[in-house]
Structures are given as C-alpha cells and as structure tokens.
Amino acid sequence: MAIRVYNTLTRCKQEFVPREPGVVAMYVCGPTVYNHIHIGNARTFLTFDVIRRYLTFRGFDVRFVQNITDVDDKIIARANEEGRQPAEVAAEYTLAFQSAMDALGVLRPTVQPKATETIDDMIEMTGRLIERGHAYVVDGDVYFSVRSFPEYGKLSGRNIDDLESGARVDVDERKRDPLDFALWKSAKPGEPHWTSPWGEGRPGWHLECSVMSERELGLTFDIHGGASDLIFPHHENEIAQSEAATGEPFVRYWLHGGLLQVNQEKMSKSLGNFLLLRDVLERYSAPVVRLLMLQTHYRSPLDFSTERLDEAVRAYERLVTPVRNFNWAKRNRAVVELPEATASVIEALEAAPAAAREAFVEAMDDDFNTAGALAAIFDLVRVVNGFLESHGIGGNARYAARLEVASDTIAELLGVLGVAVLSQESDSQYPSEVLGLARDFAGYEGSDANAAVDALLAARAVARSERNWAAADGVRDGLAALGFVIEDTPSGARVSYRDRG
RNA sequence: GGCGACGUCGCCAAGUGGCAAGGCAGAGGCCUGCAAAGCCUUUAUCCCCGGUUCGAAUCCGGGCGUCGCCUCCA
C-alpha cells in the first residue's frame, strides 16, 4: 500500500515516493522567535510532527529540518520596545519555543539551524542570484526580480499581473516591480548587521528557508511543510529563489496545514485573538490538546475553544480507559468470577488489534487522515471494553495475553500520533488534605498520605458492608472534592485523578 | 476586484461514484446501595436548484453562505 499525500503544487493527491528509497528529507518552516508561540502555530508544528512520526512508523528514515528565524524586523521591534538587544530577545524565545514543543510532545528536529548561523550561505546565494540576473542591488538592498522567473506563481496558482491588479499599494519606487522582494536589507543604525558585498545588512526572511533547506537536505528534497498562510508569498518566493539560483526543482511535495480559528476567524498575532500554547498546556494535558487537533484533518480549518478541549478530555479518557482497566485487572485479582468467554468472542478479541492496525494504516496512508485513524482506535477500544466488561481477564488470567496485545496496540497506535497514555493512577500523589479526611472518617492519626487513603478505602469498605451509605459516600465525596474519583470494580475500589473537577 | 478552500446528525468530524466512520452531548435499557467507568439500543433523503450516470454526499453547471490568501503571519 502506498502513502498518498495532497501536494499543493499539483493540487491533487499523489503517491508519495521519496527521492531515495526508504529515506525522507523534510523541511518545515519554524517560528520567528519574538514571542511565545500560540496554539495556531502549535497546530502546524503538531501536524508535521505527526507526519514525521507516521513516516517513521512506516519504515522511513526521516531527516527532519526546521529552522529558527532569529533575525527579523519583529524581533528588532520587540527588542527596541523593551530596551534589549535583539539577540537576547531571540535567545529567550528560542528556548521558550523549544520547551513548549517538548511539553506538547513534538519531537526535536534532526537539525534545527538558525538564520544567524547561516549568513554566509545566504550572502553566497544572493550573489549567485545577482550573477544570474535574477536579483539587483539598490542602495545596499538586494531585491529578487519576480519577472526574471517565468514560473513565478506556480505554487499559489496566481500570475503576476493578477496579483498586481489587486495588490494594495506598495510604492517603493526603487523596486523594478512591486512584487519584487528583499533578499538582503541594508541595516539601519543600531540594527543587527553582517558584512556583505552590498554593505552592512541582514538577510530577508524568504531567503533563509531556501538556504537552510538546501544546505541541510540538498535539492530536490522530498517534503516542504508549513501552514497555508505561507503559500503566498513565502513559499512562492522560496521556489523562485532556489530554482532560479540552482536550476534544480526545489521540492517534490508541498504540504500545507489548515489554519486554526477562534470564533470562525483565523487566529493570528496580528489580529490579537490568540491563545499561547503554554497557557493552554497549564490547563490541559498535552495528549488532550493533541487529540483535539488530530480529530480534524490537518488541511481543514479547526475552530478552537475550551468547550472543545473539554470534549477532548472525555474522548481521551475513553481512549485510555481500556488500557488502565486492563492494567488494573491484571494487578488486582477479581473477587467475583465472571462468565467464561465463548470461542467466537475470543476470536473477535484476537482479530480486533490487527483490524484496527489495518484501518489505522489505511486512514493514515490517505494523506494522513488522523480523524479516520482515531476512529480505528476507538473501534478497538470498544472491543476491549466490552470484553473486560463481560469476562474480565478470566480465571487464572487466561485471557490476559490476548488482552495485552489489544491494550498494547491501542497504546502503540496512539503513540504513532504522539498521544501518550498517561497514568491516571494516583499513587503517591495525594495532597496533604487527605490526612484530615482520614482522621475524620477512618480515625487515621499518621502523616503518610498513601496510608491515609488506604485507611479511607478500608473504612469505606466496612461502611458499605454495613450498609452505612452516609459514611461510605462521605469518603467518596471528600476525595472527589480533592479531584479524585473512586470507582468500584470487581477487584475493589480504585482511586484515580481527574484533571477536571 | 483577483485567486483558492469549504458547507455531512444538537455540537465536532471522516468519507470524494455503489447499504452515511468515529468523538462529544441527548434518550431508553443493563450493571451499581447510589455513583463512576463500561456495555447494549437509539438520533442524517449529506446548504439549495439543475445536469451527467443503472446509481451522486461524492462528478459537472448555477445560486446562497462561511473562511483563507492577495501586507507580516504557522
């Protein structure tokens, strides 16, 4: 079975064939580090993290490059506002970006080049473009001439004349064409600058992706990713620069993610309607945030809200419940023997993991259809839940091996999506408030939180056997107020923590 | 104004020519002392109008609506 991807350049799904069998060279535009990233940025990085993970799962050796734009107008503006050096601002938000990505469970790139560490190559490419007649110098600035590249517009499906007729004013008389863009900008006093043949200055934004991707991956590389708002002009300009400079095709497959919206409107820093990733992660776990985003295809717009995050919390609990329930049943002998499973039920349990895996791969092979892939996992979840409900792990744990395969498959497939199965067992994480509770309900006088909870559960068990529901519910309600849920299972009471009240 | 997406159950969302996945919410039932979790059952003539086809949510044409890009943006 082949993987098919939607290529923005050809506007259709195509079979994915890397230039070198078994190896994928992939580049994703990284952030400009002038602020914390918002969840719209995070969605894009998450999308390509999942694509990378899936390609790896399918046996490819993925070389994943993502740049960091650490010199830029916005960084300079921010530094001026705060009376700091631009490099200081960039360094701070580079670290913030990396730790936010770690927290979201996004794998680190194979290589993460910085613009400021690639200046020589940028000067070199700019020089080459001038030599070849694709760029010109004006007062220390260097501009790319879009009219010199006949294929300009092929990615975004536009032509230069259409663009100009609708374009809003750009009256830089020094440019030969309004659409020409800067490869090199001369430095104003106080701005970061490097020495070039055209004077002191710094590189233009579009140039760095062309340079860093070629340097790390060579042309023609396989996948270039980014959000759809980068198609024009950023990616169009990258193509123009790289292909004009080298004569080689730049990229085989262009993949673009849909934008995240709030109240039907694009989330962006310029609109000011953004939520910072790190703020969301304070309130919701990384797997929940990932799950929410993966429930929508990566190319579709995604409306973001806390209501939807709360729904994702429930969906996540549903996904991990069979794994938790199986582990619990394995560790705790059931006091009630459940009916034996029939041969056909056992057969269904045995068949389910492979069926789920097949459906998962089929969905993901089709342009990374994560929503379909999740449906395959949910189907497996239902089979495992149903089996555990009716038969448990069986006397002498005779169904345990088959259940383990199913449980492991759930965790493995979620893992391919980077959705971790977090332990919600609350061992040794009880707050000190449980001590007071244990004193009141169980006469516990010690200071060990675990022992206190054990005493509470024991007292509740006694109360229940005496049909003293008030006392039993007092224990349950008391723990609930602290965020812990008691569930009575055939193997006894289980306590787990819920991150929502 | 130009270019491009999209419109599927109360909400979210797969499916792109052959019996309409999945999640959340709701209803009924089972289980429970009551819960929680879980299981079972249940909820869609796929925005509208034409056309192509044996057959259309899916293809084509026309409406209406929403969004994005055309300026920095993930």
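Below, read A as the first sequence line, B as the second, and so on, with proteins coming before strands; counting in each chain starts at 1. Predicted, not measured: the structure shown is a model, and the values here were computed from it.
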Hits for ring pair (Phe, Tyr, Trp, His ring centres under 6.0 Å) against A/His391, two or more places apart or cross-chain, chain-then-number order -> A/Phe387

Side-chain-base donor-acceptor pair under 3.5 Å for A/Arg476 and B/rC34:
yes

Q | Pairwise P distance, B/rG17 and B/rC11 [rounded to whole Å] | A | 27 Å

A/Leu155 atom CG is separated from B/rC69 atom P, nearest whole Å, by 15 Å

So CG of A/Leu259 and OG of A/Ser268: to nearest 0.5 Å the spacing works out to 9.0 Å

Under a 3.5 Å limit on both distances, the Watson-Crick or wobble mate of B/rA27 is B/rU41

In whole angstroms, the gap separating P of B/rG2 from CZ of A/Phe232 amounts to 17 Å

Query raised in the report: Say you pick atom P in B/rU58 and the same atom in B/rC48; how far apart are they, in whole Å?
Result: 10 Å

Contacts of A/Phe181 meeting ring pair (Phe, Tyr, Trp, His ring centres under 6.0 Å) (sequence neighbours excluded), chain-then-number -> A/Phe144, A/His206

In whole angstroms, the gap separating C1' of B/rG23 from CE of A/Met293 amounts to 17 Å

Taking the ring of A/Phe48 and the ring of A/Phe64, is the distance between their centroids below 6.0 Å?
no

Applying salt bridge (charged side-chain N to carboxylate O under 4.0 Å, His left out) to A/Asp180 and not counting sequence neighbours gives none

Expected list for residues 462-469 of chain A near RNA chain B, using heavy atoms below 4.0 Å, is A/Arg464, A/Trp469

Here the distance between atom C1' of B/rA74 and atom CG of A/Leu276, to the nearest Å, is 14 Å

Whole-Å distance, A/Gln261 CD to B/rC6 P, equals 14 Å

A/Glu265 CD to B/rC67 C1', in whole Å, measures 10 Å

When rounded to whole Å, the CZ to P distance for the pair A/Arg382 and B/rC39 reads 7 Å

Sequence neighbours excluded, the answer for ring pair (Phe, Tyr, Trp, His ring centres under 6.0 Å) partners of A/His297 is none

note: A/Phe387, atom CZ; B/rC31, atom P; distance rounded to Å ~ 21 Å

Can you name the atoms? Protein N/O to nucleotides 12-16 of chain B N/O, anything below 3.5 Å, with the distance.
residue: B/rC12; atom: O2'; partner: A/Arg308; partner atom: NE; Å: 3.3
residue: B/rC12; atom: O2'; partner: A/Arg308; partner atom: NH1; Å: 3.3
residue: B/rC12; atom: O2'; partner: A/Arg308; partner atom: NH2; Å: 2.1
residue: B/rA14; atom: OP1; partner: A/His297; partner atom: N; Å: 2.7
residue: B/rA14; atom: O3'; partner: A/Asn369; partner atom: ND2; Å: 2.8
residue: B/rA14; atom: O2'; partner: A/Asn369; partner atom: ND2; Å: 3.1
residue: B/rG15; atom: OP1; partner: A/Asn369; partner atom: ND2; Å: 3.2

Pairing partner of B/rG55, by Watson-Crick or G-U wobble and under 3.5 Å for both distances, is none

Sorted by chain and residue number, the ring pair (Phe, Tyr, Trp, His ring centres under 6.0 Å) partners of A/Tyr54 (sequence neighbours excluded) come out as A/Phe57

Review point. Contact class for A/Leu230 (heavy atom, under 4.0 Å): base, sugar-phosphate, or nothing?
Key: sugar-phosphate

Is there a donor and acceptor pair, one atom on the side chain of A/Asp473 and one on the base of B/rG33, closer than 3.5 Å? yes

What pairs of donor and acceptor atoms, side-chain ones from residues 32-42 of chain A against any protein atom, are under 3.5 angstrom apart with sequence neighbours left out?
residue: A/His38; atom: ND1; partner: A/Gly40; partner atom: N; Å: 2.9
residue: A/His38; atom: ND1; partner: A/Asn41; partner atom: N; Å: 3.2
residue: A/His38; atom: ND1; partner: A/Asn41; partner atom: OD1; Å: 3.4
residue: A/His38; atom: NE2; partner: A/Asn41; partner atom: OD1; Å: 3.4
residue: A/Asn41; atom: OD1; partner: A/His38; partner atom: N; Å: 2.8

message: I'd like to know if A/Asp141 and A/Lys175 make a salt bridge, using a cut-off of under 4.0 Å between side-chain N and carboxylate O.
response: no

For residues 287-299 of chain A, the salt bridge (charged side-chain N to carboxylate O under 4.0 Å, His left out) pairs (sequence neighbours left out) are A/Asp49-A/Arg290, A/Arg299-A/Asp367

As its Watson-Crick or G-U partner within any shown strand, both distances under 3.5 Å, B/rG50 has B/rC60

